[in-house]
Each structure stands twice: as structure tokens, then as C-alpha cells.
Amino acid sequence: MDFNSAQLEAIRHKNGPMMVLAGPGSGKTTVLTERLKYLTEKAGVSPESILVITFTAAAADEMEKRYIKKSGDNSGSISFGTFHSIFFKILMKHSSYTHSSIADGSKKREIIKELISRKEKALSGGNELLEAILSEISYIKNLGEDPNTLCEDSFSSMKKGEFLKLYSDYNRILSETGRLDFDDMLLKCREMFRKRPDILEYWRKKYRYILVDEFQDINGIQYDTVKLLAAPSNNLFIVGDDDQSIYSFRGARPGIMLNFPKDYPGCERVLLASNYRSSSDIVETSLKLISHNKNRYKKQLVSHRGRLKPVNIAGFDSEDEEIRFIIKELKSYIASGRKLSDICILYRTNRTPEKLCSRLIKEGIGFSLKEKSLNIFESCQAADIFAYLGLAENISLLKRGIRKEVSVSDFLRIMNRPLRYISRDAVMNADRRDINSFFKTLSGFYGKRTDMRQAIRKLYAELSELSVLRPEKAIEFINKRIGYEDWLISSSKEKDKSALMDSLDSLSAHAEGIKSFRDLKAYREEYGRALKEAASEKKEKDKNFVNFMTFHASKGLEFDIVYIINAIEGIAPYKKAESPEAIEEERRMFYVAMTRARNVLHIFYTKNHYNKPCKKSRFVSEITEERFRLPWKNLRF
């Protein structure tokens with residue numbers, strides 16, 4: 001293989017720190033593996049003294065395989081691994097921790113669920129809230145700071161005081177049971193290096209050359225530990241792209257890479273500016289976007305593939321119109337014999353593609369999910385809506401002469417959503433044989449209390465109205481006329497109320513065109529099965545399915561054809577991104593999504609989202625600015 005001058009400079013770097021800024025599709029993995037070969041075969045470096053750190057086990061395995069293929073050395077002498085695997089191995093050697101000490105995801109969820117259940121008033125939000133809490137715990141640990149010093153806005157899952165109590169109890173339980181989570185591996189290894197200079201010196205002597213891939217994703221804890229390990233020789237070879245730093249929720253900061261030359265004043269720097277993946281159209285358009293970021297290294301990147309097809313940016317009046325267009329294109333690709341695995345549909349959040357997934361299921365077009373997508377039907381809001389509809393169905397059946405026992409669990413779920421002050425004792429003493437008997441005995445429980453008897457009559461009348469409505473209209477009735485939506489917003493302790501509204505809008509969207517509650521239940525089961533199948537290992541290996549994934553999940557991948565959907569304000573950039581730093585990260589995410597495309601890139605936005613007016617993303621406007629020109633001259637790295 002022929003290497004350009006920048007690649008050769010990186011491969012043949014001698015000693016001391018070096019930063020390789022690698023643009024998308026620039027062959028950084030090749031450079032890394034060639035450097036390993038150069039160190040061991042040309043520079044006389046012992047393989048045992050080399051440590052290669054990546055961010056995923058798959059990346060570590062791939063790099064090791066490529067090195068073995070190039071060098072023929074399969075002795076396993078070079079250490080390849082993730083930050084967690086490397087530092088936990090070090091931690092285990094000098095402590096009592098073993099692999100059985102690790103609190104995996106299910107154990108962490110078990111602890112948090114138990115802590116939440118102890119609260120006087122259970123938190124709404126279900127699995128989404130649980131995942132948000134776990135994400136924030138991980139974020140704070142990766143910051144490596146005292147959470148008490150963080151401002152109130154740093155906590156989105158609940159109020160600061162509530163979260164800090166939960167955080168403290170969570171760590172106490174881990175400590176009492178002799179466990180640690182994945183983030184503790186890094187914290188405890190850094191702590192050990194700081195407190196035990198003898199242990200630190202042992203590992204410094206062992207690993208005299210350290211290579212770090214995807215350096216832009218590093219967080220403070222990881223960087224601190226690597227710096228300790230690399231000193232004093234500082235043979236630290238880092239590869240990354242500050243424009244692809246998109247993991248702030250894990251504590252990653254582009255500033256770490258931007259400040260690397262300040263931390264290591266003598267470091268050599270090189271830019272891999274050749275893009276071997278994407279067409280010139282895609283490279284130039286994506287640069288047009290990312291150049292709006294201020295906190296970055298300015299770079300000139302050039303495609304080696306030439307021009308193919310201009311980036312297609314299109315707006316649609318509605319989501320339905322957008323979906324119809326995508327399905328028409330997919331069917332044309334199928335008819336032409338193209339592999340659907342060459343196609344990827346990208347989106348900012350894992351709730352974004354729900355409506356499209358629903359239509360693909362109905363059209364019989366297979367799709368594969370890179371990560372598990374949130375299933376709206378597993379939310380607390382869906383459980384409430386289905387409980388209302390189930391009780392309304394009892395009335396509909398009774399009108400047709402069919403008696404069905406009332407589900408007490410359904411009634412208990414919604415009897416005070418919104419608040420009606422119905423007691424549990426009243427429900428447990430009611431006649432459950434049919435809905436009429438149930439409400440008659442329920443009302444009788446309150447004797448002469450006219451206020452309660454009136455509230456119960458009103459609920460029955462509402463359920464009667466529901467019983468004759470199609471699901472979509474019934475959901476609207478529950479939300480607006482019954483007042484479930486207002487109750488949900490006022491009673492929730494979650495900070496992000498708009499997420500609750502999105503859940504209700506999503507449920508309404510799924511119910512479009514469905515004729516009965518029975519059909520809606522069947523659809524819920526079919527949709528759940530399809531999502532589960534789409535996220536399975538077997539599905540990912542199948543070549544006849546369209547790829548679906550978030551911007552985050554797409555990083556490091558590439559596809560012939562890419563569709564970026566829902567390029568609208570509130571989604572991309574996400575509604576929670578308010579600070580300039582947050583907007584820059586959102587722009588980097590969009591840039592990552594754009595640069596996954598090899599040949600064809602579509603960017604779509606709609607004028608309505610869940611039947612509500614919306615604006616196209618500012619990123620679309622930035623890309624289409626005619627007056628904007630890249631300052632190609634005087635760019636220096």
C-alpha cells in the first residue's frame with residue numbers, strides 16, 4: 001500500500017508525544033497498525049512494552065487482527081484493550097476484585113429500582129427514567145468531580161437533592177456488597193496510581209509505548225490515568241478527530257484533545273487530510289457544516305473519490321409524506337436488486353424513527369436496529385392509556401350482551417389519574433363480574449357522599465364515550481377531555497415535561513388508521529416483536545435489512561446510501577441543547593452522521609412533527625448558505 005507523507009510521518013514517529021488528527025475516512029486504523037509494525041520490526045521496540053487502548057472491545061479485536069495479519073506476529077505480546085478492560089486488569093492484580101465483583105447493567109438497574117421503590121411517592125417515567133438515572137450516575141463518575149459542587153441544571157432526571165441521595169445510597173450498596181460498576185474501574189485505578197507510586201512505577205516500566213485510538217472520546221478520568229501511566233517518557237501516540245467528539249454524556253470533552261499540545265508542549269502533530277470513504281460532494285458539504293463550530297482545529301480535507309452526486313436536502317409538508325418517499329425509494333432499491341444493508345437511516349434520538357418503523361412493518365420491509373430502540377408501548381403512559389381503553393372495551397362488550405370481568409389492576413392504575421380520590425378499599429369491595437355491576441357497587445361504597453358518587457358517575461360516562469371511539473380519537477379524548485395530559489404534566493417529578501408530551505404524541509401516531517382496541521393490542525404485540533427481532537444478533541448479520549441507528553451508534557461505520565431524517569429544531573439539534581458548547585456537540589453529531597455516507601447522502605426535514613408545526617434544523621440552513629465559503633487559504637494545523 002502507498003502512504004502519503006502525513007501517514008508516513010505518523011507511522012515513523014520515534015519517541016515522545018504525538019497527536020494524529022484523523023479526518024473521517026482517512027485510514028487511521030491502517031496508520032495505527034502500520035505504526036505497531038514499524039515499532040516492533042524497525043525501531044526495535046519490544047511488543048511486551050506496547051499498550052493499545054481503544055473505546056470498544058470490537059475495535060480492539062479488529063486492530064489486533066489487522067496487526068497480526070500485517071506482521072504475522074500472533075504471540076499476543078502487544079496489549080490491546082479498552083480503557084475498562086486494561087485498567088480493571090491492573091486493578092485486579094493489586095486488589096481483591098474479580099470479574100464476579102462487577103455490577104453489570106441488570107444489577108445496577110435492580111439496585112436503582114429498589115431505591116426508587118422505597119420513596120414515599122414513586123417516580124413516574126418507567127424504564128426511560130431508570131435509564132436516565134443510570135446515565136447520570138455514569139456521567140458524574142466519569143467527570144471525577146464531587147457531585148455536590150455541580151449546579152442544579154446538571155441533573156435532568158430529578159431534582160439535585162433527590163438525585164444526590166440516590167447516588168449516595170447506590171454507591172453505599174455497591175461498597176457494602178463488595179461490588180463496583182464499570183465506571184468505578186477507572187476511578188479506583190486512578191486512585192490506586194495516585195496512592196501507590198510503587199504500583200504505578202511497575203506499570204510504567206511495563207508499558208513504555210502507549211497508543212490511544214479515538215482520542216476525542218476520552219474523558220477526564222481516562223486522561224488523568226493515561227497521563228500518570230505515560231510519564232515521564234511520555235511516549236504517548238494519540239489518534240482522533242476533535243470534530244467527532246460526541247460523547248459529552250460520558251464526560252468526553254473536545255477540549256482535552258484541543259489542549260493536548262499545551263499539556264505536551266514538545267508533541268509532534270500531523271493531519272491526515274485525505275478522505276478515502278466519501279465523495280467530494282459529501283466531504284465538502286459536511287465541512288461546510290462543521291466549519292460553523294468555533295472550538296475546533298480548522299482543517300482542509302480532500303476526497304480521493306471525486307464527485308458522484310450532490311447531497312440531497314429535501315423538505316416535506318408532513319412526516320407521512322417523508323415516510324412515503326423513503327418507502328418508495330426503498331422499494332425501488334429492492335426492485336433493482338440492491339442490498340438493503342448498503343442503506344442506513346440515521347436519526348438523533350432512538351424515539352425518532354418510531355413512525356417509519358411502524359410503516360415498514362406494515363409494508364413488510366425488514367430493518368435492523370443497531371441498538372435497542374425505545375418501545376413506547378412499554379412506557380407508563382402507554383400502560384395508563386391501555387388501562388382506560390380496556391375498561392372502555394368492557395362497556396362496548398356489555399352493550400353487545402358480552403359480560404367480561406373487570407380488571408382490578410387496570411382500574412387501580414387509572415382511578416386517580418387524574419385525581420378522583422377513589423380509595424383502594426372501595427375498588428377491592430366492588431363486584432367485578434361486569435362493568436355495570438362494578439360501578440354500581442363502587443358508587444354504593446360511598447353511601448351519601450354525593451361528591452364521590454358524582455365523580456364515579458362522571459368516570460363511567462367518560463368510559464362510555466371512549467367505548468365508541470377509534471383508538472386515535474380515544475387517546476385524544478383521554479388526554480384532553482378526561483384530563484390525563486394535564487395530570488401527567490403536573491404530577492411528574494421529571495424535569496423534562498416535553499418528553500412526556502412526546503410519549504403521548506407518539507402513542508397517537510401509532511394508533512393512526514387502527515379501527516379497534518382489539519386491533520391496537522394486536523399491533524402492539526406485532527410492533528414489540530418486530531423491534532426485538534430487529535435488534536437481535538441474527539438480524540444484524542442478515543444482509544436483507546435496512547440499517548437503522550442513532551447518530552451516536554453510527555460512529556465508525558460507513559454505508560453507500562445514508563438518509564438523515566427529522567432534521568428539525570428540537571430533534572437535531574436536540575431541545576435540551578441550549579448552551580453554545582451543547583450546540584457545537586449537536587453539530588458534531590450531525591457531521592458524524594453526514595460523513596457515514598460513501599456515495600449518496602439525503603437530509604430530510606418536515607414542516608410538521610406529530611401534527612405540530614416545526615422548523616427545519618439550523619444545520620440545514622448552515623449547509624445551504626450560499627454566501628458561506630470555506631476559508632481554504634491560510635489554514636494551518
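Only heavy atoms go into these numbers, but all of them, side chains included; no hydrogens, no water, no symmetry mates. Residue indices begin at 1 and follow the sequence shown.
- Using modelled atom types and a 3.5 Å distance limit, the side chains of Ser138 and Asn142 yield a donor-acceptor pair.
- In the model, Ser106 has a side-chain atom that pairs as donor or acceptor with a side-chain atom of Asp104 under 3.5 Å.
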- Message: Please evaluate residues Glu110 and Lys107 with respect to the criterion salt bridge (Lys or Arg N to Asp or Glu O under 4.0 Å), reporting the C-alpha separation (whole Å), side-chain torsions for both, the decisive distance (0.1 Å), and the verdict.
- Response: CA-CA 5 Å; Glu110 179 186 318; Lys107 183 62 180 178; 3.3 Å; yes
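- The aromatic rings of Phe386 and Phe517 sit tilted relative to each other, their planes meeting at an angle between 30° and 60°.
- Summarising the geometry, atom CG belonging to Leu531 is positioned 8.0 Å from atom CD belonging to Glu378; distances are rounded to the nearest 0.5 Å.
- Remark: aromatic rings of Phe249 and His552 are close, center separation under 6.0 Å.
- Residue pairs meeting the ring-ring contact (aromatic ring centres under 6.0 Å, His included) criterion with at least one partner in residues 461-486, sequence neighbours excluded, are Tyr484-Trp487.
- Annotation for Asp342 and Phe559: closest pair O-CB, 3.6 Å, computed over non-hydrogen atoms.
- Checked by atom type and distance alone, the side chain of Ser168 never pairs as donor or acceptor with a backbone atom of Lys165 at under 3.5 Å.
- With hydrogens and angles left out, the side-chain atoms of Asn375 and Lys532 include no donor and acceptor closer than 3.5 Å.
- Glu176 pairs by the salt bridge (charged side-chain N to carboxylate O under 4.0 Å, His left out) definition with Arg172, not counting sequence neighbours.
- Here the closest non-hydrogen pair linking Ile571 and Arg348 is O-CG, 2.8 Å.
- The closest side-chain donor-acceptor pair between Arg400 and Ser396 falls under 3.5 angstrom.
- Within the cation-pi definition used here (under 6.0 Å to the ring centroid, within 45° of the axis), Lys440 does not qualify as a partner of Tyr460.
- Here the shortest heavy-atom pairing between Met415 and Arg420 reads O-NH1, 3.0 Å.
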Problem set entry | Check against salt bridge (Lys or Arg N to Asp or Glu O under 4.0 Å), Lys576 and Glu586 | CA-CA 10 Å; Lys576 292 183 181 179; Glu586 292 289 318; over 6 Å; no
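- Ionic pairing of Glu569 and Lys575 is not present here: no N-O contact between side-chain nitrogen and carboxylate oxygen is shorter than 4.0 angstrom.
- Ser332 contributes a side-chain N or O that, together with a main-chain N or O of Glu329, makes up a donor-acceptor pair within less than 3.5 Å.
- When Leu391, Ile456, Ile395 are each tested for a side-chain contact (heavy atoms from CB on, under 4.5 Å) with Phe439, only one passes: Ile456.
- Counting heavy atoms of neighbouring residues, nucleotides and ligands inside a 6.0 Å radius, atom NZ of Lys458 does not exceed 12 of them.
- A donor-acceptor contact shorter than 3.5 Å is absent between the side chain of Ser437 and the backbone of Arg433.
- For NZ of Lys607, the number of neighbouring non-hydrogen atoms (other residues, nucleotides, ligands) closer than 6.0 Å is 12 at most.
- One finds no salt bridge joining Glu363 and Lys328 here, because no Lys/Arg side-chain nitrogen approaches an Asp/Glu carboxylate oxygen to under 4.0 Å.
- Considering Leu356, Asp317, Thr606 in turn, Thr606 is the only one that fulfils the side-chain contact (heavy atoms from CB on, under 4.5 Å) rule with Glu322.
- Figure legend: Arg453 and Tyr446 shown without cation-pi pairing, the cationic atom not lying both under 6.0 angstrom from the six-membered ring centre and within 45 degrees of its axis.
- For the 3.5 Å distance criterion, the side chains of Asp181 and Tyr170 qualify, holding a donor opposite an acceptor.
- When only modelled atom types and interatomic distance are considered, Ser508 and Asp505 share no side-chain donor-acceptor pair under 3.5 Å.
- A salt bridge is absent between Arg481 and Glu462; no separation between the charged side-chain nitrogens and carboxylate oxygens falls under 4.0 Å.
- Salt-bridge formation is detected for the pair Lys355/Asp320: a Lys NZ or Arg NE/NH1/NH2 atom is positioned less than 4.0 Å from an Asp or Glu carboxylate oxygen.
- With no hydrogens or angles considered, a side-chain donor-acceptor pair links Ser358 and Tyr523 at under 3.5 Å.
- Heavy-atom neighbours of Arg403 CZ from other residues, nucleotides or ligands within 6.0 Å: above the threshold of 12.
- For the pair Arg596 and Lys555, the tightest heavy-atom approach, listed with the atom from each and the gap, is NH1-C, 4.3 Å.
- The aromatic ring centroids of Tyr591 and Phe619 lie 6.0 Å or more from each other.
- Of the possible polar contacts, none joining the Ser248 side chain to the Gly251 backbone as a donor-acceptor pair under 3.5 Å is found.
- The pair Lys404-Asp434 fails the salt-bridge criterion, with no side-chain N (NZ, NE, NH1 or NH2) lying under 4.0 Å from an Asp/Glu carboxylate O.
- Here the shortest heavy-atom pairing between Arg588 and Ser245 reads NE-O, 2.6 Å.
- Heavy atoms only, all atoms of each residue included: Lys515 and Arg470 are closest at O-CG, 3.6 Å.
- Annotation for Gln454: atom CD does not count as buried by contact number, only 12 or fewer foreign heavy atoms lying within 6.0 Å.
- The six-membered or imidazole ring of Tyr605 lies away from that of Phe316, with a centre-to-centre distance of 6.0 Å or more.
- Within a 6.0 Å sphere centred on CZ of Arg518, other residues, nucleotides and ligands contribute 12 heavy atoms or fewer.
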